[in-house]
**Q** 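Dumping the structure here so I can ask a few things about it.
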Amino acid sequence: MKDGESLQLFEQSSRSAYKQETHTMEAMKLIEFDLKQTLTKLVTHIFGDGLDIRWVDCYFPFTHPSFEMEINFHGEWLEVLGCGVMEQQLVNSAGAQDRIGWAFGLGLERLAMILYDIPDIRLFWSEDERFLKQFRVSDINQNVKFQPLSKYPAVINDISFWLPSESYTENDFYDLVRTIGGDLVEKVDLIDKFEHPKTQKTSHCYRITYRHMERTLSQREVGRVHQAVQEAVVQLLGVEGRF
């Protein structure tokens with residue numbers, strides 16, 4: 001900026017989806033640009049040019065606005081980091097009242113999945129020597145590409161429900177499924193959205209893929225876990241089940 005001293009960082013206004021109540025819109029646009037440009041350069045330095053990157057609005061308790069960076073990996077969008085503009089109250093409490101800051105956190109397992117072409121995040125908790133020995137190398141700069149292990153068949157169940165009128169986020173649902181299903185949950189995909197023309201209510205349908213790393217799952221065993229997910233999503237997220 002040619003005349004950076006004229007930039008007004010702070011104001012007293014109202015909070016919106018785009019900024020905090022203490023920040024000017026001009027300052028917000030600049031810091032968001034700096035945040036996204038810096039992190040884009042970071043991941044392109046790690047993985048090389050030509051990445052297909054997108055930014056997704058999300059919620060974190062200590063930043064606003066908040067974003068997730070996703071990378072297209074094997075035809076699917078994979079989250080690699082979360083970030084956002086730090087809540088000004090936190091910056092003030094650190095004695096930097098005249099500054100605006102941004103923060104980010106990297107998902108190291110996600111980065112390793114892309115670097116080494118690892119398809120399943122649960123492998124990082126595996127004690128299987130067939131997996132571990134692939135990464136015991138004499139030179140850390142040596143190119144390593146994951147060699148797939150044999151897998152047991154997946155069991156797939158769908159779940160659909162009407163969303164509450166407010167306070168629903170997809171991340172809350174994903175976290176709930178992971179909490180209940182644990183390591184049995186391989187992935188969760190949103191496969192359908194529907195808005196009722198009369199009630200204006202929105203329905204989501206998710207496909208949950210269950211798979212055990214060491215044995216074949218039965219539909220009965222998965223059914224108990226899936227039922228627990230159905231009950232929890234109604235009680236904890238306030239949705240209306242369609243199951």
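The residues of the chain are indexed from 1 along the displayed sequence. Side-chain atoms are counted along with the backbone in the values below, which use heavy atoms only and exclude waters and symmetry mates.
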**Q** Sequence neighbours left out, what passes ring pair (Phe, Tyr, Trp, His ring centres under 6.0 Å) with F135? Give chain and number order.
**A**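 Partners of F135 under the ring pair (Phe, Tyr, Trp, His ring centres under 6.0 Å) test: Y116, F131.
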**Q** Linking directly or through intermediates, with side-chain heavy atoms under 4.5 Å: list the remaining ILVMFWY members grouped with F194, chain and number order.
**A**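 Once heavy-atom contacts under 4.5 Å are chained together, F194 belongs with W162.
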**Q** So, T63 side chain and V85 main chain: donor-acceptor pair closer than 3.5 Å or not?
**A**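 No, because the side chain of T63 does not come within donor-acceptor range (under 3.5 Å) of the backbone of V85.
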**Q** So if I apply the side chain to side chain contact (heavy atoms under 4.5 Å, CB included) rule between L30 and each of T24, L9, L7, which one comes out positive?
**A**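 Among the candidates, only L7 passes.
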**Q** With the threshold set at 4.0 Å, does a side-chain nitrogen-carboxylate oxygen contact exist between R15 and E87?
**A**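 Yes, R15 and E87 are salt-bridged.
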**Q** Would you mind listing every side-chain hydrogen bond (donor to acceptor under 3.5 Å, both in side chains) that reaches into residues 231-243, with sequence neighbours excluded?
**A**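 Residue pairs passing side-chain hydrogen bond (donor to acceptor under 3.5 Å, both in side chains), neighbours aside: K201-E240, S203-R242, Q227-E231.
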**Q** Do the ring planes of F161 and H204 sit parallel (below 30°), tilted (30 to 60°) or perpendicular (above 60°)?
**A**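 Aromatic pair F161/H204 classed tilted.
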**Q** Suppose the criterion is salt bridge (charged side-chain N to carboxylate O under 4.0 Å, His left out): which pairs have a residue in residues 202-212, not counting sequence neighbours?
**A**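 Of all non-adjacent pairs touching residues 202-212, those that pass salt bridge (charged side-chain N to carboxylate O under 4.0 Å, His left out) are D158-R207, E186-R211.
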**Q** Is the number of heavy atoms from other residues, nucleotides or ligands within 6.0 Å of CD (Q89) greater than 12?
**A**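 Open: at most 12 neighbouring heavy atoms sit under 6.0 Å from CD of Q89.
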**Q** In chain order, what residues pass the salt bridge (charged side-chain N to carboxylate O under 4.0 Å, His left out) check against E76, with sequence neighbours excluded?
**A**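 Salt bridge (charged side-chain N to carboxylate O under 4.0 Å, His left out) list for E76, sorted by chain: K187.
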**Q** With T216, which residues qualify under side-chain hydrogen bond (donor to acceptor under 3.5 Å, both in side chains), at least two apart?
**A**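 With sequence neighbours excluded, T216 shows a side-chain hydrogen bond (donor to acceptor under 3.5 Å, both in side chains) to no residue whatsoever.
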**Q** Run the side-chain hydrogen bond (donor to acceptor under 3.5 Å, both in side chains) test against R220 and tell me which residues pass, sequence neighbours left out.
**A**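 Here no residue qualifies.
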**Q** Excluding sequence neighbours, so at least two apart, what forms side-chain hydrogen bond (donor to acceptor under 3.5 Å, both in side chains) with D189?
**A**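 Result, side-chain hydrogen bond (donor to acceptor under 3.5 Å, both in side chains) vs D189: none returned.
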**Q** Kindly state each residue pair satisfying ring-ring contact (aromatic ring centres under 6.0 Å, His included) with at least one member in residues 34-57, sequence neighbours excluded.
**A**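 For residues 34-57: none.
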**Q** Suppose we screen for salt bridge (charged side-chain N to carboxylate O under 4.0 Å, His left out). Which residues come up paired with K29, at least two apart in sequence or across chains?
**A**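 Result, salt bridge (charged side-chain N to carboxylate O under 4.0 Å, His left out) vs K29: none returned.
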**Q** With sequence neighbours left out, which residue pairs that include part of residues 92-110 fulfil the salt bridge (charged side-chain N to carboxylate O under 4.0 Å, His left out) condition?
**A**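 Passing the test, one end in residues 92-110: no pairs.
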**Q** Answer yes or no: are there more than 12 heavy-atom neighbours, outside N143 itself, under 6.0 Å from its atom CG?
**A**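 No, CG of N143 has 12 or fewer neighbouring heavy atoms, counting only those of other groups under 6.0 Å.
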**Q** For D183, I'd like to know if atom CG has over 12 heavy atoms of other residues, nucleotides or ligands within 6.0 Å.
**A**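 At most 12 heavy atoms, drawn from other residues, nucleotides or ligands, come within 6.0 Å of this atom.
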**Q** When Ile, Leu, Val, Met, Phe, Trp and Tyr are grouped by side-chain heavy atoms lying under 4.5 Å apart, directly or through other members, which residues fall in the same group as F60?
**A**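 Via sub-4.5 Å side-chain contacts, F60 links to none.
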